[in-house]
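Here's the structure we're looking at; comments come further down.
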Amino acid sequence: MNRAIKVSNKDKSFGSLVAKCELLLRRYSASHSLSETKKLHAFILTLGLLSSSDFCSMLSTSYAQCSHASYASHLFDNLPRRSLFSWNTMMRMYVQIGRPHNALNLFAEMLDSDHVAPDNFTYPIVIKGCSDLSLFDMGVGVHGRTLRVGFDSDTFVQNSLLAMYMNAGEKEAAQLVFDLMQQQTVVSWNTMINGYFRNNCAELASRMYNRMMDVGVEPDCASVVSVLPACGLLKNVKLGKEVHLLVKEKGFLENMTVRNALLDMYFKCGHMKEAWKLVNGIKEKDVVAWTTLINGYMISGDARSALVVCPMMQCEGVKPNSVTITSLLSACGSLASLKHGKCLHAWAIKHWLDSEVHVETSLIDMYAKCACGNLSYKLFMKTSKKRTPVWNAVLSGFIQNGLAREAIELFKQMLANDIQPDNVTFNSVLPAYAILADLQQAMNMHCYLVKLGFLSRLEVASILVDIYSKCGSLGYAHQVFNIIPMTEKDIIIWSGIISAYGKHGHGEMAVSLFNQMVQSGVKPNQVTFTSVLHACSHAGLVDEGLSLFKFILKQHHAIPNVDHYTCIIDLLGRAGRLNDAYSLIRTMPITPNHAAWGALLGACVVHENVELGEVAARWAFELEPENTGNYVLLAKLYAAVGRWRDAEKVRDMVNEVGLRKLPAHSLVEVWTTFEQNLIWRLSAGTQVNMWTDHWIPAVQRLADLIPEFLIENRMEDKVVEYVSGSSWNFNLLDNFLEEDWVSILTVIKPLESGVELVPFLRNKSDECPLPRHSSN
DNA sequence: TTAGGGTTAG
């Protein structure tokens with residue numbers, strides 16, 4: 001179009017042409033229209049007006065306002081005289097287009113020049129530039145300069161400073177600037193509310209909002225949008241509803257951003273009814289609204305519906321963005337739906353979103369959760385590896401795929417790469433230490449946590465209690481437990497220490513801790529009940545266990561769950577009260593699961609009750625057909641009473657069921673279940689040293705027998721560790737494990753000598769090279 | 001000519 005350069009007859013004279021150009025240039029620079037500015041630029045060029053400094057300057061700022069950096073900077077560089085306005089415009093452009101370093105360079109140049117000095121318009125731009133580049137020290141320097149040259153009381157300068165300090169996480173500095181302001185505008189309040197929220201101080205954010213309302217500052221849309229996420233995080237639906245009311249009064253509901261923020265708040269607070277009401281009221285949903293909806297489904301635990309939203313939004317013509325893809329990938333992960341996950345990956349690649357850092361992280365996480373560790377790791381290797389969450393994703397992927405040792409190695413690499421670990425890192429990597437149960441490594445980690453000051457965090461202390469417990473070091477576990485002040489101890493850490501003592505056979509201590517917990521006012525939950533009942537059953541505290549069970553029923557009006565019943569069945573069974581256990585299993589108000597029947601079966605093996613054992617085994621096979629352990633138990637029961645043929649039948653049953661790929665002799669597989677169990681317990685670090693004298697030669701024999709199995713499970717490492725390590729101090733021998741161990745050896749021995757494995761057990765004491773330990 | 005804002009990764 002030639003509207004811009006159409007020159008009427010009366011404009012023929014050169015002077016009026018210049019005036020017209022000037023006018024048009026002003027108009028088009030104000031409209032920020034790049035195409036118009038370019039046309040005008042061409043026109044000025046043909047008229048030979050570009051030699052005029054004024055035109056050059058105007059064109060430069062016009063290009064800057066259209067964010068056309070290359071033309072703007074070219075013209076600006078060639079200006080003989082640069083006005084303050086053109087400096088500011090250039091700097092603002094650079095900040096706006098995400099090149100703050102160019103803005104700061106210009107600022108430095110400006111300070112060096114004698115012709116011009118920064119004004120109150122310059123400083124907010126420069127401060128934002130420092131903030132965007134995280135150049136906090138420089139920002140503080142600029143703040144100092146504003147004080148010196150007297151711009152510190154300018155509201156715009158102060159508001160930029162608030163934002164800068166909040167971005168740098170310097171809440172106190174921001175608060176100080178805020179308090180010293182003569183006049184806080186709504187922008188100042190909003191910056192503080194939002195800043196506190198982003199700095200993990202949602203409570204302060206909501207208080208700030210309330211203060212703003214008390215002071216009588218008129219809130220705007222930004223105020224509402226700033227406080228609503230805090231309401232969501234705090235699940236403060238009361239404040240959320242107040243804000244909603246205000247939104248209605250002020251007519252802010254027309255604002256899409258406000259509506260989306262409200263929707264998100266209701267979802268996060270779990271007020272689905274209000275959320276759906278709002279969703280239904282939104283006629284045209286933008287991509288944020290759709291994404292919030294997806295997250296809403298995820299919050300209510302409905303990942304399947306979250307995935308269905310994707311085609312729905314596409315039908316409405318809304319294209320998912322990287323946030324949408326991230327949320328959808330998280331849904332795929334929780335459903336372990338590799339098919340959908342791969343589709344989304346393909347979609348992300350097609351739309352150039354796959355290298356967006358959030359998408360990358362979610363992809364790594366999704367593949368890990370779908371048991372595609374290789375893909376997950378490959379993707380991780382492709383990333384820039386600069387951000388903590390990417391490392392966290394791959395770390396938790398390693399743990400999910402059972403690679404504890406690798407996770408710890410990766411964590412060390414992460415530190416070597418100067419990547420700062422955060423809460424999530426420790427939540428991801430610490431379980432690896434519990435799996436590995438290496439006391440030395442655990443202590444190293446403990447030191448590191450103390451150094452970083454993470455130990456005071458309750459969840460970190462809780463997992464450290466678990467780690468030390470798994471390493472067999474109850475003393476250290478208790479020390480860590482004691483670090484947390486009594487008033488701050490929560491149910492998790494209490495359950496941790498109770499279960500630690502329980503696992504190590506210190507039933508009395510577990511019960512005593514349980515009582516202390518109740519006295520301290522912490523209400524026990526299902527997990528605590530399970531831990532303490534488990535402790536009783538393992539320590540043979542029948543009466544204590546039964547009275548605790550009654551306590552659960554009476555004092556806490558809690559409905560015992562199936563795990564609690566299983567503990568009691570186990571407790572009665574271990575004590576030889578098999579009939580009581582059986583009658584409980586038949587009369588309990590909840591359907592007994594595989595664990596309950598398994599507990600009964602285990603007890604029947606110990607007490608050699610075939611009749612009941614067969615009943616229990618039938619149920620266990622029915623409910624948990626893939627667990628070879630149950631078959632092993634039944635075989636062992638038959639073997640114990642000398643019914644070899646029946647034991648063999650069990651072996652054949654295992655073959656028929658087609659459980660896993662069996663090695664040379666099916667029975668080896670059956671019995672290696674014990675060995676797997678043993679490895680698990682070894683890696684869990686419990687009850688090991690009682691065997692060390694005996695089991696090393698045996699393990700070596702096992703290694704000859706099925707080397708690939710052992711290598712896979714890193715048994716060799718374990719052998720080395722246990723041979724050389726003497727830090728293990730366990731004083732409990734678990735009968736059950738001893739039984740397992742006896743069985744393994746009885747299988748190995750005949751195989752080793754090339755003897756046919758049938759009948760596999762002639763006489764326990766003949767076959768077993770282990771001295772029988774008396775239980776204690 | 002200036003400041004502040006929503007949904008997201010582990």
Side-chain angles (χ1 to χ4, degrees), chain A residues 29-30 61 64-65 83-93 95 119-128 131 151 154-164 166-167 185-195 197-198 220-229 232 255-265 267-268 285-296 298 320-330 333 356-366 368-369 383 387-397 399-400 421-429:
Chain A
S29 73
T61 48
Q65 278 156 348
S83 65
L84 182 55
F85 176 70
S86 59
W87 280 98
N88 287 346
T89 313
M90 282 303 287
M91 285 194 277
R92 186 174 314 109
M93 173 198 72
V95 170
D119 66 354
N120 55 322
F121 291 105
T122 319
Y123 284 106
I125 304 165
V126 174
I127 292 165
K128 184 160 175 17
S131 180
F151 288 122
D154 181 281
T155 313
F156 285 86
V157 173
Q158 286 169 321
N159 284 343
S160 330
L161 284 170
L162 292 182
M164 180 199 74
M166 279 301 193
N167 280 343
T185 64
V186 66
V187 174
S188 327
W189 285 96
N190 294 349
T191 311
M192 292 301 283
I193 295 167
N194 176 261
F197 174 73
R198 279 186 295 127
D220 62 5
C221 284
S223 324
V224 165
V225 171
S226 299
V227 74
L228 283 172
N255 183 314
M256 187 90 85
T257 308
V258 170
R259 276 199 317 239
N260 291 343
L262 268 173
L263 186 60
D264 179 61
M265 181 276 295
F267 273 131
K268 295 235 165 89
K285 290 186 266 292
D286 66 349
V287 64
V288 178
W290 284 105
T291 309
T292 310
L293 192 58
I294 291 169
N295 290 321
M298 290 296 288
N321 65 13
S322 65
V323 183
T324 324
I325 296 300
T326 302
S327 308
L328 289 167
L329 282 171
S330 146
E356 206 277 334
V357 67
H358 286 83
V359 175
E360 268 183 341
T361 313
S362 316
L363 280 169
I364 292 169
D365 183 53
M366 180 276 293
K369 286 191 174 137
T383 65
R387 289 191 179 227
T388 308
V390 184
W391 289 81
N392 292 346
V394 77
L395 274 175
S396 78
I399 305 286
Q400 280 160 26
D422 61 9
N423 292 346
V424 183
T425 315
F426 290 116
N427 291 347
S428 301
V429 79

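Values below: all heavy atoms of this structure, side chains included; hydrogens, waters and symmetry mates excluded. Keep in mind the model is a prediction, meaning the values are calculated, not measured. Below, chains carry the letters A, B, ... as their sequence lines are ordered, and counting in each starts from 1.
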Separation of A/Thr383 OG1 from A/Leu363 CG (nearest 0.5 Å):
11.0 Å
Answer with base, sugar-phosphate or nothing: what part of the nucleic acid does A/Asn295 contact at a heavy-atom distance below 4.0 Å?
sugar-phosphate
A/Asn167 near the nucleic acid: base, sugar-phosphate alone, or nothing, with a heavy-atom cut-off under 4.0 Å?
nothing
Whether A/Arg259 contacts B/dT7 is assessed here as follows: a side-chain N or O lying under 4.0 Å from the phosphate OP1 or OP2. Is that the case?
no
Rounding to 0.5 Å, atoms CD1 (A/Ile125) and CZ (A/Phe156) come to a distance of 12.0 Å
Looking at every strand, decide which applies to A/Asn423 at a 4.0 Å heavy-atom threshold: base, sugar-phosphate, or nothing.
nothing
Looking at A/Asn194, does any N or O in its side chain come under 4.0 Å of the phosphate oxygens OP1/OP2 on B/dG6?
yes
Nearest to side-chain heavy atoms of A/His358, which nucleotide of B/dG6, B/dT2, B/dT8:
B/dT8
Would you kindly check whether a donor in the side chain of A/Asp220 faces an acceptor in the base of B/dG4, or vice versa, at under 3.5 angstrom?
yes
Verify the neighbour count for atom CZ of A/Arg198: are there more than 12 heavy atoms of other residues, nucleotides or ligands below 6.0 Å?
yes
Regarding A/Thr388, tell me which of base, sugar-phosphate or nothing describes its non-hydrogen contacts under 4.0 Å with the strands shown.
base
Within the structure shown, what part of the strands sits under 4.0 Å from A/Ser362 by heavy-atom distance: base, sugar-phosphate, or nothing?
sugar-phosphate
side-chain N/O A/Lys268 vs B/dG6 OP1/OP2, d < 4.0 Å:
no
B/dT7, B/dT1, B/dG4: which one has an atom nearest the side-chain heavy atoms of A/Pro229?
B/dT7
What is the nucleic acid contact for A/Ala222, judged by heavy atoms within less than 4.0 Å: base, sugar-phosphate only, or nothing?
base
Is the base of B/dG6 touched by the side chain of A/Asp286 through a donor-acceptor pair closer than 3.5 angstrom?
yes
Could you tell me whether A/Asn427 contacts a base, only the sugar-phosphate backbone, or nothing, with contacts defined as non-hydrogen atoms closer than 4.0 Å?
nothing
Stacking check: are the rings of A/Phe156 and B/dT2 less than 5.5 Å apart at their centres and under 30 degrees in tilt?
yes
Nearest to the A/Asp264 side chain among B/dA9, B/dG4, B/dT7, which nucleotide is it?
B/dT7
A/Lys369 NZ to A/Leu329 CG distance, which is reported to the nearest 0.5 Å:
10.5 Å
At 4.0 Å (heavy atoms only), tell me whether A/Thr361 reaches a base, stays on the sugar-phosphate, or touches nothing.
base
Do any N or O atoms from the side chain of A/Thr326 and from the backbone of A/Ser322 form a donor-acceptor pair under 3.5 angstrom?
yes
NA contact type, A/Asn88, heavy-atom cut-off 4.0 Å: base, sugar-phosphate, or nothing?
base
